[in-house]
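Here is the structure we will look at.
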Amino acid sequence: MQGKHQHASLTLVILALSATLAPVSMDMLTPSLAGMSLDLNASARLIELSLYSFLIGYGVAPSIWGHTSDRTGRRPIMFVGMLLYCISSITCAFVDDAHWLVGIRFLQGLGAGAGATMARAVVRDLYGAQGTTKGMARMMSLMAIVPIFMPILGGLLAQWFGWQACFLLMTAIGAFSVTAYFYLVPETRRRPTNKAATRGESGWQILFHPVFAQHTLCNMFSISVLVIFGANFAFLTANTFDFNSSENGFVLALFNASIALGTQLVWLLMPRFQAHRSIVIGTLACMVGWIYIAGMTFSPSISTLAYAPGLIMAGAGAGVIMSLSAGAALAPFEHRTGLASSLYLLVQSAGSSVISLAVGWILPKDILAVTLAMTVC
């Protein structure tokens, strides 16, 4: 029994690493966006597009990987996706033109999307309808740990060796992830036992399933906040506080640590409030945090530390939402788990990309304006 529990825990660690490639690929670069703009002689908006192209690829990926995995199995999709991620990551390290970077980052997002889609599908395969929410919350708790260190590491790497070193590290993480998956995670796809199960729900039926739609849209707006923050904060801190890459890394690490705190608070909230009310509490905490930061902008000569309580509250709220939404959204679907997982990520990535891109192009690089946009989300 103990060995079975240890293997299940190890499987969750491997799945969490595969699913966390997207935040790794975003957070490791975010502290050095301003420096990349100077190095590649590109505008801030063009460098931002490299984030959005990654997210668009990440959003398109599930429509390719999820449905296919329901027919071929999870393992082949994981291997192909991780290979694409590693090749595109190492290619990004050697580009010298921002336009090429934007295009290759799209392919990198496609590869990272395979890891995220398959990880969620495998958790649903292993835990079933009753245990998926808790299993997904455990995986999210593990996922939240890695991004805490990525901004600090990315900022230091960019300062010491240049931003290209970040892409080399991404390549190594992707290679380690798929190797561990190959040796330690078996095929989990359940073969349907009858024709009705084989047909299962259509994509439209899944999208408009009330439980799926409710939790998927809630997560989409929560992720939109994280993307808006990641895409804008390096430029905001550079303009307001004159931070360098490593200092930006520590600020983002604080925010990511707050998200990790939220994933742990789930275990205190769930026994008392269950999943639905816990998500509502997380949403309220997120709103209060951003409203607090918006209010601080009216105070003259405010220090950076004064923003910390708002960041912590907003990050913790986002952690609660992210931990519980995925499991609750996928729980109703047994035989179309891959398709449901792909649609979940598709809505998350496409919606958050469109919202964040609109904010980036419409609003000025101003703390008050950007913070109010995050509060609305």
Side-chain angles (χ1 to χ4, degrees), residues 16-37 47-55 57-59 85 88-89 92-93 101 105 108-109 111-113 115-116 119 140-174 176-177 222-238 243-263 311-312 314-316 318-319 322 348-349 352-353 356 360 370 374:
L17 184 60
S18 303
T20 201
L21 290 178
V24 164
S25 303
M26 296 279 289
D27 294 343
M28 199 182 297
L29 278 185
T30 301
S32 56
L33 290 179
M36 290 174 65
S37 177
I47 295 300
E48 281 183 41
L49 282 178
S50 69
L51 292 180
Y52 297 127
S53 66
F54 175 90
L55 285 172
Y58 184 74
Y85 177 83
S88 55
S89 295
C92 285
L101 181 66
R105 285 276 279 172
Q108 189 189 30
M140 294 298 297
S141 297
L142 296 169
M143 286 177 60
I145 296 173
V146 175
I148 296 175
F149 305 102
M150 288 301 108
I152 298 174
L153 184 57
L156 292 174
L157 282 175
Q159 192 167 340
W160 294 341
F161 306 107
W163 53 266
Q164 295 87 346
C166 297
F167 285 109
L168 296 178
L169 182 56
M170 292 178 205
T171 306
I173 293 173
F176 177 82
S177 173
S222 179
I223 295 297
S224 297
V225 173
L226 304 187
V227 177
I228 293 170
F229 179 79
N232 289 275
F233 101 100
F235 298 102
L236 295 177
T237 56
F243 280 7
N244 59 32
S245 295
S246 61
E247 290 170 326
N248 281 336
F250 282 102
V251 174
L252 186 56
L254 172 64
F255 185 61
N256 286 344
S258 303
I259 295 175
L261 173 64
T263 65
L311 278 179
I312 293 171
M322 293 161 55
Q348 168 188 299
S349 301
S352 62
S353 297
S356 179
V370 173
M374 291 189 284

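Residues passing the ring-ring contact (aromatic ring centres under 6.0 Å, His included) test with Tyr52, sequence neighbours excluded: none. With sequence neighbours left out, the side-chain hydrogen bond (donor to acceptor under 3.5 Å, both in side chains) criterion links Ser177 to Ser18. With sequence neighbours left out, the side chain to side chain contact (heavy atoms under 4.5 Å, CB included) criterion links Ser222 to Ala318, Ile321, Met322. Legend: residues meeting side-chain hydrogen bond (donor to acceptor under 3.5 Å, both in side chains) with Ser352, ordered by chain and number and at least two apart, are absent. Under the side chain to side chain contact (heavy atoms under 4.5 Å, CB included) criterion, Phe176 pairs with Leu17, sequence neighbours left out. Every residue meeting the side chain to side chain contact (heavy atoms under 4.5 Å, CB included) condition with Ala22, not counting sequence neighbours, appears here in chain and number order: Phe54, Tyr58. Every residue meeting the side chain to side chain contact (heavy atoms under 4.5 Å, CB included) condition with Val370, not counting sequence neighbours, appears here in chain and number order: Ile228, Asn232, Leu236, Met374. Applying the side-chain hydrogen bond (donor to acceptor under 3.5 Å, both in side chains) criterion to Ser25, with sequence neighbours excluded, gives Tyr85. When the side-chain hydrogen bond (donor to acceptor under 3.5 Å, both in side chains) test is applied to Gln108, the partners found at least two apart in sequence or on another chain are Ser89, Arg105.
The shortest heavy-atom contact between Ala112 and Leu21 is CB-CB, 4.1 Å.
The distance from the CG atom of Leu311 to the CD1 atom of Ile259 is 10.0 Å, given to the nearest 0.5 Å. Atom CG of Leu168 and atom CD1 of Ile173 lie 11.5 Å apart (nearest 0.5 Å). The distance from atom CH2 of Trp163 to atom SG of Cys92, rounded to the nearest 0.5 Å, is 8.0 Å. One finds the CG atom of Leu29 at 8.0 Å from the CG atom of Leu101 (value rounded to the nearest 0.5 Å).
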Quiz: residues 144-155 side-chain donor-acceptor pairs under 3.5 angstrom, not counting sequence neighbours:
none

**OP:** Report the C-alpha distance between Phe255 and Leu226 in whole Å, list the side-chain angles of each, state the deciding distance to 0.1 Å, and finish with yes or no for side chain to side chain contact (heavy atoms under 4.5 Å, CB included).
**Re:** CA-CA 10 Å; Phe255 185 61; Leu226 304 187; 3.6 Å; yes
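At least one side-chain heavy atom of Leu55 sits under 4.5 Å from a side-chain heavy atom of Met26.
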